Amino acid sequence: TTRLFPELQREHKVGDVVRLGLMAKSSYDGSMKAQIALYAEVLSCSNGMMSKDFLRSYSFEHTKGNVNWDEESQKIFSSLHELFINENYE
């Protein structure tokens, strides 16, 4: 699942961050790690090609009964909060 924020768009030049996204992925059967990632989409070419620049990502393995979801969720949001507190975004 990916959530984009198009309401923050404006005119851009190559190399500009165009928008932020938040990606979450997991698997029902535990065959892959659960992951949440914050990324910036960057305009890579004047033809409109975009690339993702991952700013922060957090993942953890999960199998039936081995995850304390409250604790893992707190780690994720603390990590994202730290990113915004410690970085100077304009």
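No hydrogens, no waters, no symmetry mates; every other heavy atom, side chains included, goes into these values. All of these numbers come straight from a predicted model, not from anything done at the bench.
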Handout entry: Q35/M23 under side chain to side chain contact (heavy atoms under 4.5 Å, CB included): CA gap, chis, key distance, verdict
Key = CA-CA 8 Å; Q35 180 184 34; M23 178 181 71; 4.1 Å; yes
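V17 and A40 get closest at one heavy-atom pair: CG1-CB, 3.7 Å. Listed here is the closest heavy atom pair of C45 and V14: C-CG2, 3.6 Å.
With contacts defined as side-chain heavy-atom distances shorter than 4.5 Å, the pair L20/L55 qualifies. Considering only heavy atoms from C-beta on, M50 comes within 4.5 Å of L43 through its side chain. Contact of the Y39 side chain with the R56 side chain is not registered, since no non-hydrogen atoms from C-beta on lie closer than 4.5 Å. By the 4.5 Å heavy-atom criterion applied to side chains, L22 and I36 are counted as neighbours.
In summary, E41 and K52 do not engage in a salt bridge, as defined by a charged side-chain N under 4.0 Å from a carboxylate O.
Applying the side chain to side chain donor-acceptor pair (under 3.5 Å) criterion to S59, with sequence neighbours excluded, gives no partner residue.
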